[in-house]
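Report on the following structure.
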Amino acid sequence: QVQLVESGGGLVQAGGSLRLSCAASGRTFSSYAMAWFRRAPGKDREFVAAIRQDGGNTFYGNFVKGRFTFSRDNAKNTVYLQMDSLKPEDTAVYYCAAKTGSFYYTNQNAYDYWGQGTQVTVSS
């Protein structure tokens, strides 16, 4: 079992930056692949990024286009999503998720554990 708590959301102007964090409980954090998803108002939850257990590989949703960087610190049981060049269309609730096994999954149904989410609002 792992519990996930996101933080770092807020209100930012277009073109600005935010860094989201997701802190995990449990001593087996390094055995979990981690991901970020987001849900914009009126839309389905959407894959943002995923990272391998050792942090050695990441991949991103097509819309990211080099603007976000996903990293992890296994010593701190924490993952980070650095978001730069934010756009109003990035406005959403951002969720952290964890799964065992391969990290190369964009389908939310593959993930076993979820945080409560953190709101990101980008003003134009």
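With sequence neighbours excluded, no residue forms a salt bridge (Lys or Arg N to Asp or Glu O under 4.0 Å) with R45. With sequence neighbours left out, T121 forms a side chain to side chain donor-acceptor pair (under 3.5 Å) with Q119. Residues meeting the salt bridge (Lys or Arg N to Asp or Glu O under 4.0 Å) test with E89, sequence neighbours left out: none. Legend: residues meeting side chain to side chain donor-acceptor pair (under 3.5 Å) with Y94, ordered by chain and number and at least two apart, are R38. By the salt bridge (Lys or Arg N to Asp or Glu O under 4.0 Å) test, D54 pairs with R52, sequence neighbours left out. Evaluation of the side chain to side chain donor-acceptor pair (under 3.5 Å) rule for R39 yields no partner, not counting sequence neighbours. Taking Q82 as the reference, D84 meet the side chain to side chain donor-acceptor pair (under 3.5 Å) condition, with sequence neighbours excluded.
Here side chain to side chain donor-acceptor pair (under 3.5 Å) pairs that include residues 60-73, with residues two or more places apart or in two chains, are R67-D90, R72-N74. The disulfide (SG to SG under 2.5 Å) analysis of residues 53-124, with sequence neighbours excluded, yields the pairs C22-C96. Counting only residues at least two apart or on different chains, no salt bridge (Lys or Arg N to Asp or Glu O under 4.0 Å) pair has a member in residues 103-124. Sorted by first then second residue, the disulfide (SG to SG under 2.5 Å) pairs that include residues 27-81, not counting sequence neighbours, number zero.
With a 4.5 Å cut-off between side-chain heavy atoms of Ile, Leu, Val, Met, Phe, Trp and Tyr, the cluster of L11 takes in none.
Counting all heavy atoms, side chain and backbone alike, S124 lies closest to A14 at CA-CB, 4.3 Å. Between N107 and F37 the shortest heavy-atom distance is C-CZ, 4.2 Å.
The CG atom of L18 sits 9.5 Å away from the CZ atom of F68 when rounded to the nearest 0.5 Å. Atoms CZ and OG, from R19 and S7 in turn, are 9.0 Å apart once rounded to the nearest 0.5 Å. Separation of atoms OH (Y80) and CD1 (I51) is listed at 11.0 Å; rounding is to 0.5 Å. Rounding to the nearest 0.5 Å gives a distance of 9.0 Å between CE of M34 and OG1 of T78.
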Stepwise side chain to side chain contact (heavy atoms under 4.5 Å, CB included) check, L81 with V48:
CA-CA 10 Å; L81 185 68; V48 177; 4.1 Å; yes
Criterion ring pair (Phe, Tyr, Trp, His ring centres under 6.0 Å) on Y111 and Y105, from CA distance to verdict:
CA-CA 8 Å; Y111 291 83; Y105 282 88; 7.2 Å; no
F103 vs Y32, ring pair (Phe, Tyr, Trp, His ring centres under 6.0 Å): CA-CA, chis, key distance, verdict:
CA-CA 8 Å; F103 79 108; Y32 290 92; over 10 Å; no
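The backbone N or O of G15 lies less than 3.5 Å from no partner atom in the side chain of S85, so there is not a single donor-acceptor pair. With hydrogens and angles ignored, the 3.5 Å screen pairs a side-chain donor or acceptor of S25 with a backbone N or O of Q3. Distance alone, capped at 3.5 Å, is enough to place a donor-acceptor pair between the E6 side chain and the G117 backbone. Using a distance-only test at 3.5 Å, with no hydrogens or angles considered, no donor-acceptor pair links the side chain of Q108 to the main chain of F47.
Inter-residue side-chain proximity for L20 and V120 is flagged as met; some heavy-atom pair is nearer than 4.5 Å. Using a 4.5 Å heavy-atom cutoff, the side chains of V2 and T28 are not in contact. Residues W36 and Y95 form no side-chain contact, since every pair of their non-hydrogen atoms from C-beta on lies 4.5 Å or further apart.
F63 and F70 fall within the same hydrophobic cluster, defined by Ile, Leu, Val, Met, Phe, Trp and Tyr side-chain heavy atoms under 4.5 Å apart, directly or through other members. In the hydrophobic clustering of ILVMFWY residues, with side-chain heavy atoms under 4.5 Å counting as a link, L4 and W114 come out apart.
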